[in-house]
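Please read the structure below before turning to the comments.
So you know, we letter chains A, B, ... as the sequences are listed, proteins then strands, and number each from 1.
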Number of protein chains: 2
Amino acid sequence: MVDHASGIPAYRQVAADLRDQITRGDLPPGARIPSEHQLAERHHVSRPTVREAIALLRAEGLVVAERGRGVFVRSQRTVQRLARNRLSRAARQRDEGAFKGDAAAGGWTPSTTVKVYFESADPATATLLDVDEGTEVCVRDRVMRADGIPVQLATSRLPRDITRDTAIEQTDTGPGGLYARLEDAEHTLDHFVETVSARMATHVEQAALQLPEGTPVIALTRVAYDTDGRALEVNAITMSADRYELVYELPAD
Amino acid sequence: MVDHASGIPAYRQVAADLRDQITRGDLPPGARIPSEHQLAERHHVSRPTVREAIALLRAEGLVVAERGRGVFVRSQRTVQRLARNRLSRAARQRDEGAFKGDAAAGGWTPSTTVKVYFESADPATATLLDVDEGTEVCVRDRVMRADGIPVQLATSRLPRDITRDTAIEQTDTGPGGLYARLEDAEHTLDHFVETVSARMATHVEQAALQLPEGTPVIALTRVAYDTDGRALEVNAITMSADRYELVYELPAD
DNA sequence: CGCGTCAACTTGTAAGGACAAGCATGACAA
DNA sequence: TTGTCATGCTTGTCCTTACAAGTTGACGCG
C-alpha cells in the first residue's frame, strides 16, 4: 500500500515493493509479476503510475515486459564465464581460437558469421597499431553466437602488410584461428593488452545482440603485440553484460 | 516533425531526433535541450509523449534532467584510466596500495573513508575464501574519492584468524596497505584472480557514488591467493563505468 | 475429436489536465 | 549597491480516458 504522507513518490514505493519481492525471492526469475491493472488496484494508484514503477525496474534490468503476456522477472546471468587465460599457444594448438574454447568449456554450440573487408586506418586505429593514418588495414567483422543467439560482436583490424597472402584475409582462418596464422607468418606473439569498459548499448548494438532496453554492454579492446613490441592486431569486442563475466589471473609479482 | 504513417511510435521519433542532434554535435555536452513544452509544440505531440522520449534518452545515459533548470546533454567520460598491473610487490614498497598509486598517476587527490567490522561469512564469501559458512571474517568497507567525489566502493573480507592482532583490523593499515600487512604476517602473496562484470547501478550504489539514473557500474571481485593456494582476501569493488576503464596485460604464453 | 474463431486478458501508445517543487531572473525596497 | 521577494519558467508527480496490438485459452462448430 502506498503511503502518501512519506514524501516518497508513489511510483517509487510501488517499484521498491516489487524490487523487494524480487530480491527476496518471492518473485523468482522467470515469474510473472502481477498485471499493471492488478498492481494499480492493489496499491490504489493509477495505471500510468504503475507503468512508471515498472519502467524503473526495466531500466535497472530487473524485469522484461512482453506485450500481451506480462512482465517477467529477468533470469539470472547465464554464468557463461570467459576465462581470458585461453590466449595461450597451447590452447591454440588444441582448438580453434578462444571463442570455440569457451564454447567447449561452457557446453554450448558456437557459430560465427564473418565479414572481411579493407579500409584505411582511422585516427584511433592508427594510434593503437602505431601506423600512419590512412594506412590500409584488413578488417575482420564477426558476430559470435551461442546456441544461435548473438552474444558477442568483434572487429579485428590488422595492417594489410601483415595479412596479405595469408588466410587472415579469408573468412575461414583455419585451425587455431587468426593468432595461429600470425605465428605461421613468423610474427611471434608476446603479449596482449586488454582495456575493459562498460557503457549502455547503442541502438545498433541493441539490435545486433538482441538486447532488451536498458542493458549495459562490456566493451573490450584487445591489442596483440609481437616480441619486437609491434602491435599486430586491434580487436574491439562488445558483449552483453548480462551474459558475460571476464576472469583475469594476475601474478602477485 | 512526427510522421504518424511510419508506424514508428511518436515518442521514439522525438527521441531519435534529439539523439541525432546530440551525436551530430548540434547539442554539445552541457547544452540544454529545448523544454518539454517547446518540444511538444514543435513536434505536435503532448507533453507526456515528450517526457517518454526524454526518459529513453535518460535511460541511455545521454542526458540528465534537473528540476527547475532543464535537461542537459551529459558530458563525456572522464578518461580516468586505471592500470591494474599495480598490484606488484615493488609498487607496495613505493606507495600505499593501488588506489593511491592510481591517484599519483592520474594527478588527482585521493581520500578514503574506512569502516571496519566483523561478521560471519555468508555463503558466497565462504565459497570464495574456502572456509565454512559462519566463520568470522574481518570486513573493511571503503569509499574512495578522487578530488572529493566518490568514484569507487570496495569491501574486503578476510578470515579473522588471519587478521587478528594485525593493523588490518585498524582503519589505517599503514604504508603499503593491506597486502603489505599480509606479507608482514608471513602470508606470501602468489596471485590474484579478478572477475569483471557490468550491470546497472542499484539505488544504494547510485546514492553512494552520486550517479545519475541509467548509468552502469563495473563490478570487480578480486580474490588474493598465497603461495599455498589459500584464499586470503575477497575484495568486491564497484566503480562508476563512466569514470573507469580497466587495463590488463596478458602474456601470450 | 480437432480445429478455428473469438473473447478476454495482457502491455504499448497517446492525449489532456492538474498541481507540486525547484530554480533563475528581475523588480523592488532598504 | 545590495539583499529580498515575487513571478514565471522548468521538471516532477499523478490522475482519467481511450484505443491499438499481441497472446492465450475457452468455446462452439464441423
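By the salt bridge (charged side-chain N to carboxylate O under 4.0 Å, His left out) test, Arg32(B) pairs with no residue at all, sequence neighbours left out. Legend: residues meeting side-chain contact (heavy atoms from CB on, under 4.5 Å) with Ala236(B), ordered by chain and number and at least two apart, are absent. In terms of the side-chain hydrogen bond (donor to acceptor under 3.5 Å, both in side chains) criterion, Thr221(A) has no residue partners (sequence neighbours excluded). Taking Ser120(A) as the reference, nothing meets the side-chain contact (heavy atoms from CB on, under 4.5 Å) condition, with sequence neighbours excluded. Residues meeting the side-chain hydrogen bond (donor to acceptor under 3.5 Å, both in side chains) test with Ser240(B), sequence neighbours left out: none. With sequence neighbours excluded, the residues forming a side-chain hydrogen bond (donor to acceptor under 3.5 Å, both in side chains) with Asp141(B) are Tyr117(B), Thr155(B), listed by chain and number. For Thr127(A), the side-chain hydrogen bond (donor to acceptor under 3.5 Å, both in side chains) criterion is met by no residue, not counting sequence neighbours. Residues satisfying the salt bridge (charged side-chain N to carboxylate O under 4.0 Å, His left out) criterion with Arg140(B), sequence neighbours excluded, are absent altogether.
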Between the protein and nucleotides 17-21 of chain C, are there any N/O to N/O pairs under 3.5 Å, and if so, what are the atom names and distances?
from    : atom 1 : to       : atom 2 : distance (Å)
dA18(C) : N6     : Arg47(B) : NH2    : 3.4
dA21(C) : O4'    : Arg67(B) : NH2    : 3.3

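Ser46(A) comes within 4.0 angstrom of a base, heavy atoms only.
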Kindly list each side-chain donor-acceptor pair under 3.5 angstrom involving residues 61-73 of chain B, sequence neighbours excluded, with atom names and distances?
from     : atom 1 : to       : atom 2 : distance (Å)
Glu66(B) : OE1    : Arg69(B) : NE     : 3.0

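Across its full length, the helix from dC1(C)-dG30(D) to dA30(C)-dT1(D) shows an angle of 0° between the axes of its 5 terminal pairs at either end, rounded to 10 degrees.
For DNA chain D, the span of nucleotides reached by chain B at under 4.0 Å from its heavy atoms goes, 5' to 3', from dT10(D) to dT13(D).
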